[in-house]
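Worksheet: the structure to be examined is printed underneath.
Order of the sequence lines sets the chain letters (A, B, ...), proteins ahead of strands, with each chain counted from 1.
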Amino acid sequence: MSGVRLPSGGTLINRDRPLTFTFDGRSYTGFEGDTVASALMAAGVGTIARSFKYHRPRGIVSSGPEEPNALVTVGEGARAEPNVRATTAELHDRLTATSQNRWPSLSFDLMSVNGLLPPVFGAGFYYKTFMGPTRGAWHVYEHFIRRAAGMGAASRKPDPDRYEKSHLFCDVLIVGAGAAGLSAALAAARSGARVVLADEGAEPGGWLLAETARINDIAAADWTRAMVAALAAYPNVRVMPRTSVYGYYDQNQLAAVERVTDHLAEKPAHLPRQRQWTIRATEVVLATGAFEQPVLVDGNDLPGVMLAGAVARFAQAYGVAAGQKVVFFGGHDGVWETAVATADTGVGVAAIVDPRAEPATDLVSRARTAGIAIHAGSAVVRVTGSKSVSGVAIVPVSASGEITGAVEALNADICATSAGWMPAVHLHSQAGSRPVYDEGRGIFLPGEPRERWRSAGACHGVFGLKAALADGAAAGRDAATEAGFKTDDAALPEIEAEREPSAPVILRSVESPRSAKAKIFVDQQHDVTASDVTLAHREGYRSVEHLKRYTTLGMATDQGKTSNVAGLSMMAGLRGEAIGAVGTTTFRPPYTPTALGAIAGRDAGHHIRPVRHTPMHAWHLANGAEMIPAGAWMRPRVYFKPGETLEQAYIREARAVRESVGIADVSTLGKIDVQGPDAPEFLNRVYSNMFSTLAVGKARYGLMLRDDGILFDDGTSWRLSETRYLMTTTTANASPVMQKLEFLLATVWPDLKVSLASVSDVWASIAVSGPKSRELLARIVDDIDVTDEGLPHLGVRQGHIIGQPGMVARLSFSGELAYEVYVPARFGIEAWETLLDKGRDLGISPYGLEALGTLRIEKGHVAGSELDGRTTAADLGLAGMLSKKKDFIGKAMVNRPGLIGENRQVLVGLTANGKGIPNGAQLIRSATPGAVERSLGHVTANAYSPALEGYIALALLENGKAMHGETLYAADPVRNRHVEVTVRDPHFYDPDGSRMHV
Amino acid sequence: MRIGTPIAGAIRSAVNRTTIVAEYSAFSLLKNALTGNRDWKPAWRAAVPKPRYDVIIVGGGGHGLATAYYLAKEHGITNVAVVERGYIGGGNVGRNTTIVRSNYMLPANSHFYEWSMKLWEGLSRDLNYNVMFSQRGVLNLAHSPAQMDAYARRGNAMRVAGIDSDLMTREEVAKFVPDLDMSRDARFPIHGGLIQRRGGTARHDAVAWGFARGADRHGVDIIENCEVTGFLRDDSGRITGVETTRGEIGAGKVGVAVAGSTSEVMRRAGIERLPIESHVLQAFVSEPLKPLLDTVVTFGAGHLYVSQSDKGGLVFGGDIDGYNSYAQRGNLPVVEDVVSLMLTMFPSYGRLKLLRSWGGIMDMSMDGSPIITTGPLPGMYLNSGWCYGGFKATPASGWCFAWTIAKDAPHDLNSAFTLDRFHNGAVIDERGAGPVPWHH
Amino acid sequence: MRITCPVCGERSAAEFSYGGDATIEMPALDASPEAWNAAVYDRENPRGAHAEFWQHAQGCRCWLKVERDTLTHKISSVALVGKAAGKGRS
């Protein structure tokens, strides 16, 4: 391959703006508008990459997103992006590109030894070996196989760039700004519809930018640019270049990625690298074009074997000659037109090889005029050369494909083939419509739309320029009309008459007379050869999906854009069936590989799930708290004093509660305002215990069951008036409880007059606990009587606290005299600090989750680790809370056989002699560490109890009630602990509850 | 030579060899390479339905093929057909993220999946088909002290059941998976993790093909493109065979293993309602990359699991889309969420590119655990409800289902996986999520 | 997927949370365990037309009854349920 820049020409490049870049450390120059591929080709670089499996040297095949071979790493360090298609990567100044999948270098790759033994490494070879000598042997082989596989290397450094997400709404989305897309956009634009025209190219226009025909008597590229400018001038049109629509989702939601700064040498800090667009379109026009398919011949992976159209496009769009002795090969008129157009740019075209015996006379005379040798009735059977193409072998063939003469060698540096163009039906397929094969034309056409789209142009099977413009206009009008707009019939541009093509031969591959020695590559990136397809067929992997999965054909980064159809047609030939009967694989999003960063946008890291902070959060941070996640919230675990261990800290905090007073931030509890005349009845139905009898001004602890009888949630509800309750839930279940209640009212009991409002964020809540809590509380309330008579156990009072309207409820989770104080959220911090200030002389301490846990374990109160979605009220000793006087959710199912009986694990207490009882330990009978035996239960919560001065735990234990007094072992092999424990009642401290009734 | 109809037999017919090569080995590879790979035989015969079989397995996925294999191998029942609507292995066995583990907490699950693990460990050699079972470890990350305790519980449950499991410290995790975001102020800081070193990945398609080939070699008929349209019954109501698009086929027993389509197939037997919903789960693969992740990592504060395939693609997945679906395609918000979780864990993966995403239909059961049972009709056996867990279960599922069919009673390992456990309240709810299939 | 909320208009499915089969009638609280078992566990799970509940959780929080095809995801109708039924724009 000996590419060179032509002295003139190139519709996309600006010869006044030279750019320098490096490839594998060597410096090259290109022009603004070049792709990495066109610049490398212009610099005469032929081998760009190594293939996946055999590490064979590979060159550029195409000029677009279908490129199978020319993958490079672009950028360095943290900004290195592997597996970039050189054919779509826009060149910018100081760009660095590096070749991949080779060691030590691109020109000398030791791994290419694989290529010497391809029959051994045929399709699926790895399924047949590497199974011994031992059971674990694969892990050893795999180590080496993984190193040889893969393509580019990831940077391993955090991506420094930013990605953004945006949303677009439009009446008509047009995907693809080639002839059909531009025409559709204009038709829709004139109707007044909001139009979005997205195109993956650096400049909208697609193949029009390399078109030789004149439109309205000006060069096609000039007409295109004028058209794009005219469209952009419409206030209702948005033209989006560098935007790949990669996914088509339900109800016309499409995903696209815009490359914002990848093409810039200097990347402005205010711009993201890429931007994902979520586009909701009422109507869609898919004008996605077509991909030229190669004719597969022996030796077709040599650098220099290219798609015919790509050779022309490099010349016309980039002013690059791929070679000086180009041989074109194919069985349709398009090859001739391409060859002649290529020759017209100054590229040396040596010959056209066409299996048809009598090509159209006008084409023959044009080719002759261009000085091209003509080999009609011939086929290329082999491409020759060592590192790149040096010639092709051709033979004369009959109309039925038989060889009729001797092999003739032609000099060539490029072999450009074309098996015609295949509609790009990827998005159509993603939208749920299987492509349909047109046997006559040899192309896949879009299936029946399931979403609101229509196709236009080449992807619709409409190939001529004039026809594509007309088809696009019709599609644009149809889309706008369907979206509710009035359209008109604008005149189509004038194009010189197109010739009527003569009958083509559908020729996708040529069997080699060399037979087994032949190397005909079907999927070049994955090194899938024709023999592999044959082998797959021989071994029974004959369905399209088996072929694909067994040989990996079509599963490379190009998703088989230039190989699927050839592979399919080979399999169809082997099966003796029509291609349409063999089928096609389903195309999956994304249409082209899409950066994970763009898909995530800014939603990764700290933005992925919003963290919730209580009103007192800043205080906690400033005062030594270790914060830990509790659902979506961050909560204080302990407040460390200098030099303290975790255990010392929580014991100190818990002691303060038992001995004087402590305060805890409980703002995270769910709070639901339940109002309405039927609120008492509603609570009766959703709680297992009775709430209609609760007196106004009183609170009650309630249990909620799931439909299936398992415990759902617990918490207190406070009766604020005859028709109003404040329901509290656990932190974790705030949202599920609310959702369940809303569901019940909407769908099951719409007759109940009840309204709900979540007020979780309205209130800051502080637990004030300990023997001195009443004394402290009295110092901060304005108009609430907090004496035992004024605010008895479970009493609720509304009034003013630190001068603000609030509530106080006398509730205890710790078992001490305790209150919950509610103030408006914005006064939470003030209330908190006031309490600490006024409680200083009482020995007040804030306490965190560890102390909260210690206090509740001492009391045998249950929490999240016991309410684990598998336990019943009876399991946790709460059967008495299941009302027998009324019906409630879960009641009907709570006594099913699986939920009762002796084998249930029930709540017990555990004590240990001087040793901590590990949380998560399994309870077994064996004293031997590491014993394997049936587990009887597990430790759900553990603590050192300052009140009992010893280690205690709660556990769920099979038949636990009968086990009190027994000795078991808390087995914690994952932390190398094995602790003897004694089973007991879970109510360790103050079992009769006298301390809170003072 | 012909052109236009490529690869015709003109050249090939000159070579006529009769050697039969059945065993796969490095030696057979070399030998066949020297003969142009012409002597390989089909991995399984394209069988034509016989009028009657002792056992028909409906569903040519991993579980159905494994069932047929073990029926033949373990129970000597070889007059068996596997009937498949499309091509074998076309459903979830070829659509999953290939993770194999037995790190379950509840005894019914852990014993079953551990038996599966033991079968995996010998599977390639047993089948003489390399399923590429790679014991690279499965690491669950913990993001809070409470989660470390929860993992300790699970790890301890596994260890006292004789299953390998270890807690990893934060430092050990950082060394083991260097690309993780280990910063203390990460949104989900990593406190450590639970690792099952015997866990790992396997090549999913190879599992289907290996079982198919293994079953075929025992005489099992694998019948593709054969959709079951109804069930035959005798006067007593016993199932006596199936009606298919390729005609009626009689059977002594009929096992149904069609996860994803269970409700639809069972409806053809008159079973209108089951404790199963079909939901779509998406899976994702990146472009191929040089090795960068040597184990399977699962995220602890959401649903995400990722490993790197031998080809180099990062294979990952997350939550189900969360609504009943039989479409093998998902929606964008879940794609975005899964990718965001991935980059939250691995901030250096942002420039890597998504190559492909696809969907599979999960049989979501009401407690998240499977069903392998006799019934629900006489002469019928049901294997379903695999939720996310079907791939790793494949060998044990086939093994237990074969036992259940052969003996007309479940093995101890699947005795809890009954259909009536839901009504009885004896559910196996590993996540504690309750009877809401899309929450499992 | 996009769902047209009768109150808020067309929105991404990401704003909604799923509530499952809407053909299941929740039994009376005092109904038999058998009736409850059937309602809680047994599903028709059709391939095709499916009536289902969705809540516009990140919008008006209304519960909706949606008719959707489980194979094509095509939505044929969306209606408010409960007290709000018949209200809102349609």
Taking the side chain as C-beta and beyond, is there a heavy-atom pair between [X] and [Y] under 4.5 Å?
{"X": "A:His938", "Y": "B:Met105", "answer": "no"}
{"X": "A:Arg146", "Y": "B:Asp294", "answer": "yes"}
{"X": "B:Pro333", "Y": "A:Gln253", "answer": "yes"}
{"X": "B:Ile88", "Y": "A:His546", "answer": "yes"}
{"X": "A:Asn919", "Y": "B:Met148", "answer": "no"}
{"X": "A:Arg637", "Y": "B:Pro145", "answer": "yes"}
{"X": "B:Leu289", "Y": "A:Asn83", "answer": "yes"}

Side-chain donor/acceptor of [X] to backbone N/O of [Y], under 3.5 Å:
{"X": "B:Arg351", "Y": "A:Asp159", "answer": "no"}
{"X": "A:Arg896", "Y": "B:Phe422", "answer": "yes"}
{"X": "A:Gln922", "Y": "B:Arg153", "answer": "yes"}

Measure distances from [X] to the heavy atoms of chain A and classify the residue's part below 4.5 Å as side chain, backbone, both or neither.
{"X": "B:Ala161", "value": "backbone"}
{"X": "B:Tyr151", "value": "neither"}
{"X": "B:Asp149", "value": "both"}

In terms of heavy-atom proximity below 4.5 Å to chain B, should [X] be classed as side chain, backbone, both, or neither?
{"X": "A:Met555", "result": "both"}
{"X": "A:Leu899", "result": "both"}
{"X": "A:Ala931", "result": "backbone"}
{"X": "A:Phe52", "result": "side chain"}
{"X": "A:Ala80", "result": "backbone"}
{"X": "A:Ile710", "result": "neither"}
{"X": "A:Arg609", "result": "both"}
{"X": "A:Ala431", "result": "backbone"}
{"X": "A:Arg79", "result": "both"}
{"X": "A:Asn101", "result": "both"}
{"X": "A:Thr557", "result": "both"}
{"X": "A:His537", "result": "neither"}
{"X": "A:Ala137", "result": "neither"}

Looking only at non-hydrogen atoms, find the nearest pair between B:Leu343 and A:Gly597 and report the distance.
CD1-CA, 3.5 Å

To the nearest 0.5 Å, what is the distance between [atom1] on [X] and [atom2] on [Y]?
{"X": "B:Arg159", "Y": "A:Asp972", "atom1": "CZ", "atom2": "CG", "answer": "9.5 Å"}
{"X": "A:Trp138", "Y": "B:Gln135", "atom1": "CH2", "atom2": "CD", "answer": "13.5 Å"}
{"X": "B:Asp337", "Y": "A:Ile608", "atom1": "CG", "atom2": "CD1", "answer": "5.5 Å"}
{"X": "B:Asn156", "Y": "A:Ser935", "atom1": "CG", "atom2": "OG", "answer": "9.0 Å"}

Using the rule given for salt bridge (charged side-chain N to carboxylate O under 4.0 Å, His left out), can you reason through A:Arg870 versus B:Asp429, listing the C-alpha separation, both sets of side-chain angles and the distance that settles it, and then say yes or no?
CA-CA 7 Å; A:Arg870 286 177 290 266; B:Asp429 189 348; 5.3 Å; no

If the plane angle is over 60° it's perpendicular, under 30° parallel, otherwise tilted; pick one for B:Tyr129 and A:Tyr127.
parallel

